[in-house]
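Take a look at the structure set out below.
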Number of protein chains: 2
Amino acid sequence: MLGDRMMTSPRFLTKPLYLQLRDALADRIASGEWKPGSAIPNESDLAREFEVSAGTMRKALDLMEGEHLLTRRQGRGTFVNDQSSDELAARFSNIRGSEGKRICGQLKSTQITSGSANDMERTRLRISAQDSVYRVQRVRHDRGVVFQAEEASLPTTLFPGLDEKKDVAHGIIALAQDYGILPGKAEERVSLGEASPQMAETLGIAVRSPVIVLDRVVRALDGRPIEWRVAWCNLSDKYYMVEMT
Amino acid sequence: MLGDRMMTSPRFLTKPLYLQLRDALADRIASGEWKPGSAIPNESDLAREFEVSAGTMRKALDLMEGEHLLTRRQGRGTFVNDQSSDELAARFSNIRGSEGKRICGQLKSTQITSGSANDMERTRLRISAQDSVYRVQRVRHDRGVVFQAEEASLPTTLFPGLDEKKDVAHGIIALAQDYGILPGKAEERVSLGEASPQMAETLGIAVRSPVIVLDRVVRALDGRPIEWRVAWCNLSDKYYMVEMT
DNA sequence: AAGTGGTCTAGACCACTCA
DNA sequence: GAGTGGTCTAGACCACTTG
């Protein structure tokens, strides 16, 4: 069904087969046809279904494993990743606990409002002036100790009815999964700041003490920005760590 | 020559063929047999030489491209990457100029000493008590403006005679290439600090003003630490940015 | 036109997991 | 032992670059 297009239409109009397959399979995950945590059909069955060779199907599946959509285990099968799992949900957090594992902390005191996007939100989220956003304010704590306050903006078109749900207590990655959005990449800018009186209050530190400011944009698999967040963070028994390849 | 081992010895003693190929090809780069910037033989010639199928050779070459050792270009060939190029040498720097490109800055006022490794150096570089290190102190500037001061430690065994060379004016990645070491990954811890009187002097900022402290370990392709560096950085017209996947 | 990497195929066998 | 993913093979054809 997919293969035909390779034969009939000129190449410059089409993508390589394995990329088309990736898109088709990713859509099954995004649509909820394949649920998080469940196994999907094996390589050769999928190859038969899509009328491609097993090698091409494998290339698509390997790609998706690299995109954190699937996990493949020899002898067991191929499974849809649960983005709300601890490991994956913390994927875009570079803050680590003393044990060295990425941590998100627990969410607390969530507030949500909506309004039309301001200049900053428009440039960061690549949306236009008439679009609106949800604005979420929240605080994160680790074993009761507040260490981060943050303000996030999300396009309303991508998260319809978000303000009426309780899901705001989840991070962006788990949230995206609920709305059929597959997370892709993120960029984070790190800078120095000093605590405003209010920030000092919530973080439990002295006014004007230095804090680290994390300005992050999370994108969907297709590159669309889905969240812009600025976080003010008090690192003390935690640290910020980046791995580079 | 390589393939034989697959047939004769049990699998748990050996690595997959494509990984053995990667090691063999990487060795040709590290040893200087294949020079930075030069083209290497094509896929099928290499496959013939190593007596493997073209597909297996391709898997090894693709892997090496992902490790930044090679660049493949359709219609042109496969080329050995020059690690001292601007792009690759700045690979482990998350500091970006206003244009958004990674920058290393220019090195200035380099000092080098050597001595036996202290506790911190032993743990970070995973070397033992009797091993010695080179200690390099230097300052980086961008168009004349000093923005970073740093202290680096390198195992003497990996960089013999480093103190007698002028190469210290190069960053670790270009340096490693000269010594036949292929760079792999790096980790960097980011924390807050305040400028000591001396640091304030060199960075041209007020005493006790907040600076960002970058604690980085660079590893070779095989995982061995090759440099531990602590940098004190004054971000002003620059910013620190991380991409996450 | 010749040579390169990129895609795709069809099939074999191995290593691992689990009932 | 049946079923899964992981490795490896041999070959075809396509897309791109360069002379």
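Order of the sequence lines fixes the chain letters, A, B, ..., with proteins taken first and strands second; residue numbering starts at 1 for each chain.
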Student check: side-chain heavy atoms of A:L221 and A:H68 closer than 4.5 Å
no
N/O (side chain, A:T78) to phosphate O (OP1/OP2, D:dT4) under 4.0 Å
no
Strictly below 4.0 Å: does A:Y18 bring a side-chain N or O up to OP1 or OP2 of C:dT7?
yes
I'd like to know if the side chain of B:E67 pairs up with that of A:T245 as donor and acceptor (distance under 3.5 Å, no hydrogens or angles considered).
no
Just how far, in rounded Å, is P of D:dT7 from CD of A:Q74?
7 Å
Distance, rounded to the nearest Å, where B:Q20 contributes CD and D:dT7 contributes P
12 Å
Out of C:dG5, D:dG5, C:dT9, which has the shortest distance to the side chain of B:N42?
C:dG5
Rounded interatomic separation in angstrom, taking NZ from A:K15 and C1' from C:dT7
15 Å
How about A:L46 and A:T78: do any of their side-chain heavy atoms sit closer than 4.5 Å?
no
Does OP1 or OP2 of C:dT4 have a side-chain N or O of B:S44 closer than 4.0 Å?
no
Protein-nucleotide distance (A:R72, atom CZ; D:dG3, atom P), rounded to Å
18 Å
Donor/acceptor link under 3.5 angstrom from A:R58 side chain onto base of D:dG6:
yes
Nucleotide nearest B:D62 (side chain, heavy atoms from C-beta), chosen from D:dT9, C:dG6, D:dG6:
C:dG6
Can you measure A:L61 atom CG to D:dG6 atom P for me and round it to whole angstrom units?
9 Å
Presence of B:S53 side-chain N/O under 4.0 Å of D:dT9 phosphate oxygens OP1/OP2:
yes
So that I can tick it off, tell me whether B:D215 and B:R124 are bridged by a salt bridge, with the cut-off set at under 4.0 angstrom between side-chain N and carboxylate O.
yes
Would you call B:R219-B:E187 a salt bridge at under 4.0 Å N-O?
yes
Starting from P on D:dT9, measure out to CD on B:E51 and report it in whole angstrom.
10 Å
Return no unless some side-chain N or O of A:R76 is found under 4.0 Å from OP1 or OP2 of D:dG3.
no
Between C:dC8 atom P and A:R22 atom CZ, what is the distance in whole Å?
13 Å
Is the phosphate of D:dT7 approached by B:K59 (side-chain N or O, under 4.0 Å from OP1 or OP2)?
yes
Which whole-number value in Å describes the distance from B:F50 CZ to D:dC8 C1'?
17 Å
